[in-house]
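The block underneath contains the structure these notes are about, expressed in structure tokens.
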Amino acid sequence: MTIVSPFPNVEIPETGVYDFLFGDLSDADRDRVALIEPKSGSTTTYGQLVAQIDAAAGALAARGIGVGDVVAILSPNIPAFATVFHGILRAGATATTLNALFTANEIRKQLVDSKARTIITISLMAPQALEAAREVGFADEDVVILDGEGLAASGHPNAADLLGAGLRAPEVTFDPATHIAALPYSSGTTGNPKGVKLSHLNLVSNVAQIKPLQGMKEDDVIIAVLPFFHIYGMTVLLNAALRARASLVVMPRFDLVEFLANIQERKVTYAFIAPPIAVALAKHPIIDQYDLSSLHTMVSGAAPLDQELGDAVAERLDLRMLQGFGMSELSPVSHLIPFDGGVGTVGVDAPIASVGWAVPNSENRIVDPESGADVPQPTEGVSAPGELWVRGPNVMVGYLNNDAATAETIVDGGWLRTGDMATVDASGCITIVDRLKELIKYKGYQVPPAELEALLLTHPDIADVAVIGVNDADGEEIPKAFVVAQAGSQLSEDDVIAFTAERVAPYKKVRAVEFIETVPKSASGKILRKDLRK
Ligand code: 4UW
């Protein structure tokens with residue numbers, strides 16, 4: 001049974017990301033502020049941003065980078081991120097973004113897998129970027145350090161080297177439906193992180209699909225605290241908010257006091273967040289010391305937001321609280337509560353604990369994972385849970401060099417299996433109730449259990465191991481390792497935690513450990529994660 005989006009279809013132009021976002025920039029738009037760097041107070045207008053993007057594209061093209069090349073970005077949110085991200089796309093190349101907290105080894109893996117030939121970073125991350133780049137055989141000039149000393153002094157180009165030459169953007173041609181614009185990494189339903197091939201049309205579609213629901217306007221001031229390197233920040237901030245000609249207050253990392261001060265000082269109107277920020281906003285006493293009355297809308301996504309928490313934030317800050325659902329493989333937004341809560345657009349007010357309705361031009365199925373049969377949509381109340389399937393122009397092209405994983409994820413008729421369990425009501429409103437796939441989310445970030453398991457198996461005192469997500473005392477999902485220690489070993493819980501902490505980005509480390517006799521496995525050797533959860 002197909003559940004069709006209740007929203008009218010939108011027009012999706014067959015064009016590249018740059019043309020869609022900036023092609024019709026008016027003179028009035030040119031003078032608007034696109035980016036605000038709150039610490040220095042420096043601002044970038046849309047006119048300046050587009051000129052910088054063109055210059056960056058020209059500089060990349062002059063270095064031989066174009067259609068078919070992959071450029072990596074390793075950076076926290078800074079204004080120049082927008083320039084280089086869109087400059088890469090404008091040059092016809094593909095941007096692969098890395099988590100700014102990655103270790104050299106994690107960077108190396110993604111550089112190798114994505115076949116990136118240049119990495120753009122900042123001096124704070126340069127040591128790990130350089131270590132990884134050297135291991136994969138990059139020349140010095142293939143590592144751009146935006147705030148570094150520059151090509152002449154260090155051998156590494158900096159922002160001035162890229163932009164200062166004032167080169168014109170190249171004329172590039174590609175098919176927006178098949179040419180890959182962005183290559184974020186996701187572990188999908190199982191295994192290690194895989195490159196998610198998102199075409200220009202995927203990204204353009206998603207901005208067009210969410211535009212009527214988000215209700216962002218040119219006079220909105222948006223706090224850009226979610227990282228641009230993750231698909232959530234990439235699409236809603238670097239693409240949708242810029243398309244709306246709003247102003248972004250660019251924050252390199254989340255710090256509660258700075259977050260609140262920025263909202264107060266910059267009169268921020270709109271915020272995209274993940275649930276851990278909602279927890280702070282609902283509970284922290286410091287909130288009352290700030291004037292946050294400029295905020296009218298807050299959207300949460302990337303992990304479940306429960307009703308009580310959503311209500312508490314909405315009430316305390318006197319704003320509209322919405323939830324959405326996204327997934328790297330869906331460019332990423334497939335579901336959203338619209339800015340009116342649904343009352344005017346769908347005729348139903350969506351609960352904050354739901355993720356709203358399928359975005360325009362898309363449809364859903366809820367499928368019983370055991371029987372493969374569709375769960376019927378009820379005429380009242382909610383359905384039984386089933387796996388959420390999504391079809392629409394935002395479904396990825398596929399995983400990079402992994403046809404088997406692509407075939408398991410995108411099935412007959414172009415349906416993408418999310419690996420998430422959901423219910424549907426009579427209006428088509430979707431609520432996520434559980435996760436079928438093995439993925440763990442820590443503060444909204446992906447933690448692939450397979451990666452931690454492979455790492456832990458290299459420990460001489462570990463005979464076998466399985467990692468799953470469990471809820472801690474605050475209800476937050478954390479990675480927990482079930483460890484079978486080698487006979488006679490003195491391995492402690494702290495040893496296991498420290499072993500991972502030293503080798504992976506901080507958000508991926510194991511945070512709880514339990515020693516067991518054997519890891520429960522199926523006849524085919526698959527870890528029975530359900531049994532461990534019990
Ligand atoms: N409730 C429960 C949710 C929810 C959720 C995601 O790292 P990825 O691949 O991607 C994301 C993207 C999230 C996102 C982007 C844009 C947007 O507007 C929005 O809503 C406001 C959200 O997280 O992880 C995908 C996986 O994250 C879980 C779910 O398991 C999904 O498959 N997830 N959102 N609201 N779970």
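Order of listing sets the numbers, starting from 1, for every ligand and every atom in it.
For Lys437, the heavy-atom gap to ligand 1 drops under 4.0 angstrom. Between Gly419 and ligand 1 there is no heavy-atom distance shorter than 4.0 Å.
Closest to atom 6 (C) of ligand 1 by heavy atom, among Gly326, Gly188, Ala240, is Gly326. With distances taken over non-hydrogen atoms, the option nearest atom 23 (O) of ligand 1 out of Met327, Glu477, Lys441, Gln446 is Lys441.
The shortest N/O to N/O separation between Gln323 and ligand 1 falls below 3.5 Å. For ligand 1, the polar-atom distance check against Gln214 finds no nitrogen or oxygen pair separated by under 3.5 Å. Of the N or O atoms in Val333, none lie within a sub-3.5 Å distance of an N or O in ligand 1. Looking at Ser186 next to ligand 1, no N or O pair under 3.5 Å apart turns up. Considering backbone and side-chain atoms together, His335 places no N or O closer than 3.5 Å to any N or O of ligand 1. Residue-to-ligand polar distances place Gly324 within reach of ligand 1: an N/O pair is separated by less than 3.5 Å.
The neighbour count for Lys437 NZ, taken as heavy atoms of other residues, nucleotides or ligands under 6.0 Å away, is above 12.
In the vicinity of Val355, heavy-atom distances shorter than 4.0 Å reach the ligand 1 atoms 35 (N). Counting the atoms of ligand 1 from 1 in the order shown, those under 4.0 Å from a heavy atom of Val236 are 18 (O). Ligand-side atoms of ligand 1 in range of Ser328: 8 (P), 9 (O), 10 (O), range being under 4.0 angstrom from any heavy atom. Heavy-atom contacts of Val299 reach the following atoms of ligand 1: 21 (C) (cutoff under 4.0 Å). Near Ile231, meaning under 4.0 Å from one of its heavy atoms, ligand 1 places the atoms 10 (O).
Under the side-chain hydrogen bond (donor to acceptor under 3.5 Å, both in side chains) criterion, Lys283 pairs with no residue, sequence neighbours left out.
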Determine whether Phe228 and Phe85 satisfy the following criterion, ring-ring contact (aromatic ring centres under 6.0 Å, His included), listing intermediate values before the conclusion. CA-CA 9 Å; Phe228 296 151; Phe85 176 79; 8.9 Å; no
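Geometrically, Arg90 engages Tyr18 in a cation-pi contact defined by less than 6.0 Å to the ring centre and at most 45° from the axis. Judged by the 6.0 Å and 45° rule, Arg320 forms no cation-pi pair with Phe339.
Sorted by first and then second residue, the salt bridge (charged side-chain N to carboxylate O under 4.0 Å, His left out) pairs with a member in residues 304-316 read Asp288-Arg316; sequence neighbours excluded.
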